[in-house]
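Below: one structure, written as structure tokens.
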Amino acid sequence: MKNAHRTFVLTLLVISFFGACKRTQVDPTGIPDTPDSLLPSRDDVLALGNPTNASTDPSSERNYLMKKSSLVLSYNKSTGTPNWVAWHLSKAWKGHHLLNGTLAADPALPSGWPSVLPTDYTNNGFERLMLCPPSDRDSLAADLAPTYLMTNVLPAAPAVVRGPWAGFENYCRKLLNDGYELYIYAGGSGQGGTGDQGTAQSIAKGKIAVPQALWKVVLVLPVGTQDLKRVSAAARTIAVWIPNNNASGNTSWTNFRTSVDQIESRTSTDFFSAVPVDIQRIIEASADVITVN
């Protein structure tokens, strides 16, 4: 009986040991595990506000709100592009799903609206920039799907996409390793960009407007819950404004930092509108200056 008891106890210890190892191992994305109780909610993309008061009414053709399972956007029928795309980047959205989707027209556009197709970007010198990148939504196939819709895409100078824009995307994901979660808005402004075939106001025979600049606004919070209530005057914001031309591709994203106020002024938007006004004034006034390695 004693030997049997020792065997039983030893078996329990082995199971407990390997179970603990499994729970604490670092996943292949390089993001350490976090207890489920600390993971942010997945349904709060616009918790900090709708920057243009976009509406789900189809009559709002230049500011049409489209709510997806993993992102939210304002679509502009006249430009064939999103005004902005918003998403919440946290470990709750990160995983290991393969990024093997195919770009496609968005079937959720109102009846009668022209659909933008992936082929509309063929041989025009601009790249299909997915504003909310698939790498920010690789937890599940259902999370990835909206990122591959053309309503998440802008025509961008290839050197910008591969240079400063990609660099900023990677930096945002790196912040997850440091214990943060991010609220992100991204879009384009103006008209007329320069790609591999020169400057163009539009592509696809005028169907899609080419933005003059690309921008992104980010609010950084420590991982937690009730995010809106936790936004204080000490919250870090990062905003970038990048001219949409290949010449911008040779510069680090950090050189394009500006204030949230500046982007609001240029785009007629109101970011973080759900945050108390006195806090907004402080966190939106200055450009981020934190040293980035």
Side-chain angles (χ1 to χ4, degrees), residues 31 34 38-54 65 67-68 70-74 82-94 131-133 135-137 152 164-165 167-189 214-242 253-254 256-292:
I31 303 172
T34 298
L38 295 181
L39 287 176
S41 168
R42 292 167 59 90
D43 60 354
D44 53 2
V45 173
L46 288 183
L48 306 189
N50 177 336
T52 57
N53 289 319
L65 187 67
K67 297 180 179 180
K68 309 295 184 181
S70 55
L71 58 85
V72 177
L73 64 98
S74 164
N83 298 310
W84 50 262
V85 177
W87 66 104
H88 177 199
L89 178 57
S90 73
K91 285 183 59 181
W93 297 99
K94 287 295 297 168
L131 290 176
C132 177
S135 293
D136 284 5
R137 286 291 182 267
N152 181 45
W165 195 268
F168 191 29
E169 286 183 344
N170 290 333
Y171 178 72
C172 288
R173 286 189 286 270
K174 178 179 176 293
L175 288 175
L176 299 185
N177 290 330
D178 300 327
Y180 295 103
E181 58 184 289
L182 292 72
Y183 283 86
I184 305 176
Y185 301 88
S189 179
L214 306 172
W215 57 263
K216 183 176 283 190
V217 171
V218 178
L219 187 141
V220 184
L221 289 174
V223 171
T225 58
Q226 296 184 312
D227 295 342
L228 179 59
K229 293 182 179 180
R230 296 188 298 114
V231 179
S232 71
R236 180 186 181 190
T237 57
I238 314 171
V240 297
W241 180 276
I242 306 176
W253 68 265
T254 57
F256 295 106
R257 285 183 288 188
T258 185
S259 68
V260 177
D261 277 342
Q262 282 294 317
I263 293 184
E264 286 184 334
S265 176
R266 291 171 171 176
T267 59
S268 300
T269 49
D270 182 13
F271 299 106
F272 317 130
S273 57
V275 174
V277 174
D278 57 333
I279 295 177
Q280 284 187 60
R281 290 195 185 103
I282 296 172
I283 65 176
E284 296 179 359
S286 302
D288 180 67
V289 294
I290 291 178
T291 300
V292 175

Checklist entry - Once you round to the nearest 0.5 Å, how far does CD1 of Ile238 lie from CG of Leu182? => result 7.0 Å
Next on the checklist: Just verifying a value: how many Å separate Asp44 CG and Thr225 OG1, rounded to the nearest 0.5 Å?
Outcome noted: 10.5 Å
Next on the checklist: What I'd like to find out is whether the side chain of Arg173 reaches to under 4.5 Å of the side chain of Ser135, using heavy atoms alone.
Outcome noted: yes
Next on the checklist: Classify the ring geometry of Phe168 against Trp253: parallel below 30°, tilted from 30° to 60°, perpendicular beyond 60°.
Outcome noted: parallel
Item to check | Between CD on residue Glu284 and CG on residue Leu219, distance to nearest 0.5 Å | outcome: 9.0 Å
Next on the checklist: If I compare all heavy atoms of Leu46 with all of Ala86, which pair ends up nearest, and what's the gap?
Outcome noted: CD2-CB, 3.8 Å
Next on the checklist: Looking only at side-chain N and O atoms, does Ser189 offer a donor or acceptor that is under 3.5 Å from a partner on Trp215?
Outcome noted: no
Item to check | Geometric class of the His88/Tyr183 ring pair [parallel <30°, tilted 30-60°, perpendicular >60°] | outcome: parallel
Item to check | Any side-chain heavy-atom pair of Ile283 and Val231 under 4.5 Å | outcome: yes
Item to check | Closest non-hydrogen atom pair, Gly224 against Glu181 | outcome: N-OE2, 3.0 Å
Item to check | Interatomic spacing from CD in Gln280 to CD in Glu264 - rounded to 0.5 Å | outcome: 7.0 Å
Checklist entry - Salt-bridged, Asp227 to Arg230, with N to O below 4.0 Å? => result yes
Next on the checklist: Taking the six-membered ring of Trp165 as reference, does the cationic atom of Lys216 (NZ for Lys, CZ for Arg) lie under 6.0 Å from its centre and within 45° of its axis?
Outcome noted: yes
Checklist entry - Do other residues, nucleotides or ligands put more than 12 heavy atoms under 6.0 Å from Tyr171 OH? => result yes
